[in-house]
Each structure stands twice: as C-alpha cells, then as structure tokens.
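Input: a single structure, listed below in structure tokens.
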Amino acid sequence: MKVICRNNEMREGSFEEQWVKEAFWHTSAHVLAQAVKRLYPDTKCAIGPAISQGFYYDFAFSFSFGDEHLRLVEDEMRKIVAEALTVRVYEMEREEAAAYMRERDERYKLEMIENLPAKEMISFYRQGEYAEFCAGPHISNTCHIKAFQLLSIAGAYWRGDEKNEMLTRIYGISFPKVSELTAYLQRAEEAKKRDHRKLGKELGLFTIFEQGPGFPVFLPKGMVLKNLLIDYWRRIHHREGYMEISTPVMLDRSLWEMSGHWEYYRESMYTLQIDETDFAVKPMSCPGGVLVYQSKPRSYKELPMRLGELGLVHRNEKSGTLHGLMRVRAFTQDDAHIFMTKEQVIGEIQNVARIIDEVYTKFGFAYRVELSTRPEHSIGSDEEWEMATDALKKAMDGIGVSYVINEGDGAFYGPKLDFHLQDSIGRTWQCGTIQLDFQLPARFHIEYIGSDGQAHCPIMIHRVVFGSIERFIGILIEHYAGKFPLWLAPVQVKILPIAERFHDYAEETADRLEKAGLRCEMDERTEKIGYKIREAQLDKVPYMIIIGQKEAEAGEISVRSRDQGDTGSMSIEEFIEKIREEDGMHSC
RNA sequence: GCUGGAAUAGCGCAGUCGGUAGCGCAACUGAUUCGUAAUCAGUAGGUCGAGGGUUCGAGUCCCUUUUCCAGCUCCA
C-alpha cells in the first residue's frame, strides 16, 4: 500500500505495519468527514485522528445526529471509496490557510491554524472536492478502504475540556480486506463475552440495584470470592509485619479540614449532619489511620509502623462514569499507612513494591509503573515535593523497576507510584499505588520520640495493592473469563449423582471433601447426567464428580475437569491429594 | 455532569400502521432414575422502568424523570 507524506514523498508499506495502519485510519477519518460534508454541508469539522484501533472524527452538527444518520453516512463513504479518489498533498502559507478555513466558516480548523507556530507552512491533503489541513501521512487513494464500519456515536468536548462545547464524535474501524473487518468484529464479540458485568450476573457473583447506582452488592458466590481475596491479603500482610485496624466510615468535618480533604476533595465526598455538626463519609482511610497513630505516644522503636485497613470508602462519582465493579461509588480499599523515619523510607517503598509484584504475579498479570508528580491543586512546599518524588525514584531505581513519569497526576498531598495492570483484552487499570506523604503528618502534628529523646515528625506512606477489591474482582472475572483457578473458585467441586439411589454415597463423598477443606455443592435433582454436567460446566466449576453404580461399587469417584474433561476414576484420597497439589501451586 | 442510544416475565429476546402482550430458557407440578454439555408433558408468571400528556383506544406518539449502555470529562 502506498502512503503519501507531507514532503510529497511516497512510501510503500504493508497494512501490518503500525505507521501504515495509522495513515490508513487517518484517511478513513477524512473519508468520513468528506461523506458528512457531502450530506450535511453546514456541519463544522473539528479533529479526526487515527487511534489504537480505528479512527474517529469530531463534528459540530446543526441537528441531533443519531444512529439512523450513521447508516446514511456509511453509504456515502462507500461511494467515496468507489470513486477511488487520489490523495494529494500541498502546502499553503498560514494566512492563506486561515483565509481558506474562514471562507468556509470552519471555526475549529481556523482556531487550530491560529494556534500553530507563525512561520510554519501548512500542509493540506485533498481527495476529490474535500481538502483538509493535516500533518498526514495518508494512504494514496481512497479505494483501499474496502471494509469499514462506523461503530458508535459519542459526545466529546472540544479540545477535551469539559468547559468547552460538546461535539459529536463518530467512531469507526476500517481494513483493506472484508475478512479483517469480520475478524475484528468477532474479536469484539469475544471480548463482550468476558465482560465482568455479564459474567457477574450469569455466575451469581454480584449485582447493582437500581436503587443504589454505583453501590455494588455481593451475592453469596461473589462474597466467597471477595473473602478469599481478603484472606490472601491478610496472610501476606501478616507475614510482612502489618497490623490491621478498622476506623469509622464517617468522621467530623474538622478532621477533614485538618487533612485538607474538605478543601481539596470536597466535591467527591458525601456529607451529612449529626446533632448540627457536619460529618463526611470517608473517601479515604488515611485520617483515621493518623488518629490511630496519634492515639498514644510513639517511640522510634515502634517504627516502621504499618497499619493496614480494609476500608470501605465512598466517593461521589459522576453518574456517567459508573461502570460495573470497575468504577463505583463505594469500594473497599486494601489500604495501609506506614509511619517511619526518614532513613526507613526507601526500604519501605521497596518492600511495598515487592508485595505488589508478588500479588500481581500470582494472578498472572503484567503491569507497568507510573510516577505521578505534583498536581496543580496541592499542598506543601516545592522542596518537600522534590524530596518525596526523589525518594520514589531512588526506591524504584534501587530494585531495578522501570517507570514512566506522569506529570501532574499526583495526589494533592504527595507524589505517587501507580501500578497499572493489563487485563486480558489489553486494557490497563490503575490498581496499586504507593504515595509518599510529608503533609498529613505535619498537618496533624504527629510525632515519635527518637533515640535522642526528642520529638520528631514521622514520614507516612499510603499504599494499596489491589487498589479497590471491587475493581480487582472485576478485572479478575475478565482476566479468567469467569474460569477462576481452583483456589479462587466459589464452588470448587460439584458432585453429580447419576440417580437417586446413589445420593447416600454422594453425600458421604461431599462430607469427606468438605472435611478436607473443599468448597462443594451437590446437584440432587433428578436430571440426566449430561444436563447436570452442562450446568456445572456453564457455572465454570473446576471439578465435577460423577457418582453412579460403578463408583458406588468400587468405592471410587469419577472426576471430570472443567478444562480437561473426563479424567477417569480414582479414590477420594487420590482426588484430595491431586487437588492439594494443584492448590499448593497457588497458595502463598 | 455532558452527548447519543436503550429499558417488555428471573434471564435472553419478539411485538408491523396506535386496536387490549408473546417466544426460548429458568421456576413450579407430574412422569422419567438416566454414564460425561440440554428427557417429556403440563402450570403459573407482566401496572411493558416511573410520572404526566395526546387519543375512543398507548408497550407503540409527545413531555418529564430514574436506571443502564457507548463515549467525553474524571478516577481506585
């Protein structure tokens, strides 16, 4: 495929190469804009880039653009592709380009041109009657866009700023071959099948009531899963010298004023009055942790003091941002606050990073680390921020963890290391964070008595590993497509008697497996074995045990694995042994 | 919050031009006692998300509202 670049150079490349894909999708976006202008000439064009999968274009329509218009635009695009328009590139002086856009009343284009450096020549790409100022590159002819589909309409703010007017964004995908489009759409269907909202409903893990938008409800099986994760979390943190505490869900306003939340986090907090005093429901557990630290005099001998808390926090998220378990208004943070001396900072950060690595590795997640620096809206001096940011860098360098810098995305009280893990469909989610905080200890005047007999202000780390247990569960559901590993499966073994007369033996088996610590269920219905297997399989239970004449006589059990199918018969002891081996691979 | 869609039985869905609500699975009852992904028959189940309006008549048209979905903004 030929790609035409800004300097009129023609390059050749295959669609598999990223830079060709970008040119291809970029031209697709231009074809979309061309079709829109043909059908609705008074529409104003904003921007239309290629994205990681496909392209979009932002328009300002003079009417409400809906799904029915999308099909019409597609038809027009088909014509443009059939016309096999050659794409040509040429340059204009800035003033000339501005005049061109002014003449056509393309106010967004004009604004963009006016924002470009003064002396620069401005490149235009033209296909047929449609010309647009654009840095390119583009493919050389519209005829290559053989297979495309407009996927969705969405609102998007001009220049991504919520204060600006909202434009209509049209998303699309395109390929040189119809087979590639079909494959893409099939992959999208597959991804939908692992959607945690769908699986959560099908597997009876969680729900969200219409009466409580953003407030997730754990059903019995989801609760088993949540508790297993919490058990695992407790084992690790106990091993690492953490103590667990629990602080109130709501506290007096004065505390939040002291911590800075009242000023810096107010719009995200739920507030209420008790006896004419303002209270806020906690959006974070840190002030409670600080109060626990402060509850008695502390010695340097107690440091580092690691206080863990599975804190239920509430945040008033905007309604449109809610998404299953991934984005909610109430969630459990696996929080901990570590109070320490200056000398202990690096070591503690590294220790937390090791825990996060251990946990993510156990679930088979890849992750990447970002260092988020001082945001605009924040407290503390530049020196403190620099020191804190430096400490985070040093700690990561010391254990050879690489990271990228995320400017201005820190918490209002300190810089942070964010751990973004990648799920099974390539999306990334922020889960773990390590935040270094010089501010809260100072604001609360907390101290410890050092070996010199003097009072000192400790340094504090806020950190989470799962991040939010709710979100982590959502990610796990999609990561495993609902097929949880044995140690996490809400039901590990389903016992399926073939007929009623084997129920006694089945119950005896269940009893022995439960005594061995397995989570069992028995399907006592008078259904055919094929039906019971089908249902257990759809429930994604790791092991099914079939019990009939043969097993009862031999005193054995037939084992069917969710993933491998029929694995033949064995004694109960053998099965328990087999399970223990498998489970052992996953315990910490 | 903003833009565009959607909401019909527990779940998945159909419902034409506005004419009085249906299918499959699940549930329940009965029969069947069965060997590795769906046994058969019957029964019951609905203020068509909520509120208002237009109309002789509204699941269907209009307005308001709630929730969900795709995004934007934001974020654990």
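Lettering follows sequence order; numbering is per chain, from 1.
Residue order along RNA chain B, read from the 5' end via each residue's closest nucleotide, puts A/Glu535 first among A/Glu535 and A/Ala330. With RNA chain B read from its 5' end, the first of the two nearest nucleotides for A/Arg560 and A/Phe419 is the one closest to A/Arg560.
A donor and an acceptor atom never sit less than 3.5 Å apart when one is taken from the side chain of A/Arg315 and the other from the base of B/rC75. No hydrogens or angles were tested; on distance alone, a donor-acceptor pair under 3.5 Å links the side chain of A/Tyr157 to the base of B/rG1.
Separating the CE atom of A/Met544 from the P atom of B/rA38 is a distance of 13 Å, rounded to the nearest angstrom. A straight line from CE of A/Met326 to C1' of B/rA76 spans 12 Å, rounded to a whole angstrom. Atom CG in A/Leu538 sits about 14 Å away from atom C1' in B/rG12, given to the nearest Å. Between the CZ atom of A/Arg534 and the P atom of B/rC25 there is a distance of 11 Å, given to the nearest Å. One interatomic measurement links the two molecules: CZ of A/Arg463 to P of B/rA76, which rounds to 15 Å at whole-angstrom precision. Computed from coordinates, the A/Ile51 CD1 to B/rG71 C1' distance equals 10 Å when rounded to whole Å. Here B/rC75 presents its P atom at 24 Å from CZ of A/Phe466, a figure rounded to the nearest Å. With rounding to whole Å, A/Arg525 atom CZ is found 6 Å from B/rA27 atom P.
When the nucleotides B/rG1, B/rA76, B/rA37 are ranked by their closest atom to the side chain of A/Glu317, B/rA76 comes out on top.
Taking all atoms of both residues into account, the shortest heavy-atom contact from A/Val359 to A/Phe466 is CG1-CE2, 3.8 Å. Nearest heavy atoms, A/Val36 versus A/Phe61: CG1-CE2, 3.7 Å.
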Taking N or O atoms only and anything under 3.5 Å, show me the protein contacts with nucleotides 28-35 of chain B, one pair per line.
{"unit_1": "B/rU32", "atom_1": "O4", "unit_2": "A/Thr526", "atom_2": "OG1", "d": "3.0"}
{"unit_1": "B/rU33", "atom_1": "O2'", "unit_2": "A/Arg501", "atom_2": "NH1", "d": "3.3"}
{"unit_1": "B/rU33", "atom_1": "O2", "unit_2": "A/Glu500", "atom_2": "N", "d": "2.9"}
{"unit_1": "B/rU33", "atom_1": "N3", "unit_2": "A/Glu500", "atom_2": "OE1", "d": "3.4"}
{"unit_1": "B/rU33", "atom_1": "O4", "unit_2": "A/Glu500", "atom_2": "OE1", "d": "2.8"}
{"unit_1": "B/rC34", "atom_1": "OP2", "unit_2": "A/Arg501", "atom_2": "NH2", "d": "3.0"}
{"unit_1": "B/rC34", "atom_1": "N4", "unit_2": "A/Thr526", "atom_2": "O", "d": "3.0"}
{"unit_1": "B/rG35", "atom_1": "O6", "unit_2": "A/Gln549", "atom_2": "N", "d": "2.7"}
{"unit_1": "B/rG35", "atom_1": "O6", "unit_2": "A/Lys550", "atom_2": "N", "d": "2.8"}
{"unit_1": "B/rG35", "atom_1": "N1", "unit_2": "A/Glu551", "atom_2": "OE1", "d": "2.8"}
{"unit_1": "B/rG35", "atom_1": "N1", "unit_2": "A/Glu551", "atom_2": "OE2", "d": "3.3"}
{"unit_1": "B/rG35", "atom_1": "N2", "unit_2": "A/Glu551", "atom_2": "OE1", "d": "3.4"}
{"unit_1": "B/rG35", "atom_1": "N2", "unit_2": "A/Glu551", "atom_2": "OE2", "d": "2.4"}
{"unit_1": "B/rG35", "atom_1": "N2", "unit_2": "A/Ser558", "atom_2": "OG", "d": "3.4"}

If you restrict it to nitrogen or oxygen atoms, what contacts under 3.5 Å exist between nucleotides 64-70 of chain B and the protein, and what is each distance?
{"unit_1": "B/rC69", "atom_1": "OP1", "unit_2": "A/Arg197", "atom_2": "NH1", "d": "2.9"}
{"unit_1": "B/rA70", "atom_1": "OP1", "unit_2": "A/Arg197", "atom_2": "NH2", "d": "2.9"}
{"unit_1": "B/rA70", "atom_1": "OP2", "unit_2": "A/Arg197", "atom_2": "NH1", "d": "3.3"}

Close N/O contacts between protein and nucleotides 40-44 of chain B (under 3.5 Å):
none

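Using a 4.0 Å heavy-atom distance criterion, A/Leu167 is classed as making no nucleic acid contact. As judged by a 4.0 angstrom heavy-atom cut-off over every strand, A/Gly565 is placed among residues making no nucleic acid contact. A/Lys192 comes within contact range of no nucleotide atom at all, as no heavy-atom separation falls under 4.0 Å. At a threshold of 4.0 angstrom between heavy atoms, the contacts of A/Phe331 include nucleobase atoms, whether or not backbone atoms are also involved.
Judged by centroid separation below 5.5 Å and plane tilt below 30°, A/Phe65 does not stack onto the base of B/rG4.
Between B/rA76 and A/Gln430, a contact under 4.0 Å exists linking OP1 or OP2 to a side-chain N or O.
Here A/Tyr264 pairs with A/His377, A/Phe412 under the ring-ring contact (aromatic ring centres under 6.0 Å, His included) rule; sequence neighbours left out. A/Glu165 pairs by the side chain to side chain donor-acceptor pair (under 3.5 Å) definition with A/Tyr108, not counting sequence neighbours. Under the salt bridge (charged side-chain N to carboxylate O under 4.0 Å, His left out) criterion, A/Lys578 pairs with no residue at all, not counting sequence neighbours. By the salt bridge (charged side-chain N to carboxylate O under 4.0 Å, His left out) test, A/Asp58 is found to be paired with A/Arg169, residues two or more places apart in sequence or in another chain being considered. Shown here are the salt bridge (charged side-chain N to carboxylate O under 4.0 Å, His left out) partners of A/Lys109, two or more places apart in sequence or in another chain: A/Glu132. Partners of A/Asp195 under the side chain to side chain donor-acceptor pair (under 3.5 Å) rule, at least two apart in sequence or in another chain, are A/Arg197. For A/Arg525, the side chain to side chain donor-acceptor pair (under 3.5 Å) test picks out A/Asp523, A/Glu535, with sequence neighbours left out. Listed by chain and residue number, A/Asp423 satisfy the side chain to side chain donor-acceptor pair (under 3.5 Å) test with A/Trp429 (two or more places apart in sequence, or in another chain).
Taking atom C1' in both B/rU20 and B/rU55, one finds a spacing of 15 Å when rounded to whole Å. B/rC25 and B/rA9 are spaced 12 Å apart, taking the C1' atom of each and rounding to whole Å. Atom C1' of B/rU60 sits at a distance of 6 Å from the matching atom of B/rG18, rounded to the whole Å. B/rA44 and B/rA27: their C1' atoms are spaced 9 Å apart (whole Å). For B/rC13 and B/rU8, the C1' atoms lie 9 Å apart once the distance is rounded to whole Å. Comparing the P positions of B/rC28 and B/rA6 gives an interatomic distance of 36 Å, to the nearest angstrom. With both ends at atom P, the span from B/rG22 to B/rG46 equals 13 Å, rounded to whole Å. On the P atoms, B/rU67 is 23 Å away from B/rC75, given to the nearest whole Å.
Between the side chain of A/Arg471 and the backbone N or O of A/Met326 there is at least one donor-acceptor pair closer than 3.5 Å.
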#### Entry: Criterion ring-ring contact (aromatic ring centres under 6.0 Å, His included) on A/Phe59 and A/Tyr57, from CA distance to verdict
CA-CA 7 Å; A/Phe59 300 103; A/Tyr57 210 110; 4.7 Å; yes

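Ion pairing between a basic and an acidic side chain is recognised when a charged N comes within 4.0 Å of a carboxylate O; A/Glu527 and A/Lys532 show no such pairing.
Atom NZ of A/Lys483 is surrounded by 12 or fewer heavy atoms from other residues, nucleotides or ligands within 6.0 Å.
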### Task
Using a 3.5 Å limit on both pairing distances, list the dot-bracket string of RNA chain B from the 5' end; Watson-Crick and G-U wobble pairs count, crossing pairs take [ ], interstrand pairs take |.
(((((((..((((.....[..)))).(((((.......))))).....(((((..]....))))))))))))....

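Between A/Phe175 and A/Phe148, the ring centre distance reaches or exceeds 6.0 Å.
Paired with A/Glu190 under the rule salt bridge (Lys or Arg N to Asp or Glu O under 4.0 Å), one option of A/Lys193, A/Arg194, A/Lys192, A/Arg187 passes, and it is A/Lys193.
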